[in-house]
Amino acid sequence: MSTPEVTRSVLGMVLVSDIGGERTAGRIVEAEAYLKDDPASHSSRGITKRNAPMFGPPGLAYVYFTYGNHWCLNFVTAPKGHGEAVLIRALEPLEGLDAMARRRGRAAPRDLLSGPGKICQAMGIDGSLNGHPLALPPLTLLRDRWEPGEIAARPRIGISQSVDKPWRLYPVRSREWVSRR
DNA sequence: TGAGTGATTGACT
DNA sequence: GTCAATCACTCAT
């Protein structure tokens, strides 16, 4: 499965975090693909200490620190050595709303998980989970019967290279939970 | 060794 | 709409 296909397939999956004794969960409703030979991808200029998990194997979390303030969560998608991943941009909150609101310092459900930095803050995700296998606690991925329906493909957000590629995907029915509405 | 940029967010005008 | 927060990395001295 190609990375854009994986991006589509993670929409609707449930991300569960059990960090600091607090269980939080949300449904993935927005994701972006980052490929090898993609100038917008951290992997395009080779392996570094920060991006090493991005080069596989698939199923790992790639968690990086950006703008001096924020953590961002990715899922590694491609075989070892390729350097491809899916950036998780927004979730619909399902469980642990109170814990997420406390970590975020604001209560509005639509402001808990509607952005990559917000997800990590609300769910307690930081660099200690870089390279973590998503099959294991405290950060796991579940599939349930939810159907995404029609999926919108748009240019990715916050980049200056390859801005024409429509690799930001979200279910049309989940638009209220998506970042930068 | 140092300036510039960045897969962001929130406060402010 | 503007801008600061302030870290990892790239690229140019």
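Heavy atoms only: backbone and side chains are in, while hydrogens, waters and symmetry mates are out. Source: prediction; values computed, not measured.
Checked options Arg89(A), Arg156(A), Arg180(A); the residue passing with Glu32(A) is Arg89(A) (criterion: salt bridge (charged side-chain N to carboxylate O under 4.0 Å, His left out)).
The C1' atoms of dG10(B) and dA8(C) are separated by 22 Å, rounded to the nearest whole Å. Comparing dA7(B) with dG1(C), their C1' atoms are spaced 23 Å from each other, to the whole Å.
Counting only distance, with no hydrogens or angles, the side chain of Thr48(A) and the backbone of Asn51(A) share a donor-acceptor pair below 3.5 Å.
Of the N and O atoms on the side chains of Arg104(A) and Gln121(A), at least one donor lies less than 3.5 Å from an acceptor on the other residue. Checking Glu92(A) against Ser174(A) by side-chain atom types alone, no donor-acceptor pair falls below 3.5 Å.
Taking 4.0 Å as the cutoff to heavy atoms of chain A, we find the contact window on DNA chain C bounded by dA5(C) to dC11(C).
Under the 4.5 Å side-chain criterion, counting only non-hydrogen atoms from C-beta, Trp177(A) is not in contact with Ser114(A). Contact check for Arg27(A) versus Asp144(A): side-chain heavy atoms found under the 4.5 Å cut-off.
Here Glu150(A) pairs with Val172(A) under the side chain to side chain contact (heavy atoms under 4.5 Å, CB included) rule; sequence neighbours left out.
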For DNA chain B, what dot-bracket results from Watson-Crick or G-U pairs at under 3.5 Å, with [ ] for crossers and | for inter-strand partners? ||||||.|||||.
Summarise protein proximity over nucleotides 5-13 of chain B in one line of letters, 5' to 3': B for base, S for sugar-phosphate only, - for none, counting protein heavy atoms closer than 4.0 Å. -BBBSSS--
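Pairs passing the side chain to side chain donor-acceptor pair (under 3.5 Å) check and including a residue from residues 127-141 of chain A, sequence neighbours excluded, read Asp126(A)-Ser128(A).
Ring pair Trp71(A)/Phe65(A) is tilted by interplanar angle, where 30° to 60° counts as tilted.
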Report, one line per pair, each donor and acceptor closer than 3.5 Å where one atom sits in a side chain of residues 78-88 of chain A; sequence neighbours left out.
residue	atom	partner	partner atom	Å
His82(A)	ND1	Lys36(A)	NZ	3.4
Glu84(A)	OE1	Thr3(A)	OG1	2.6
Glu84(A)	OE2	Lys36(A)	N	3.0

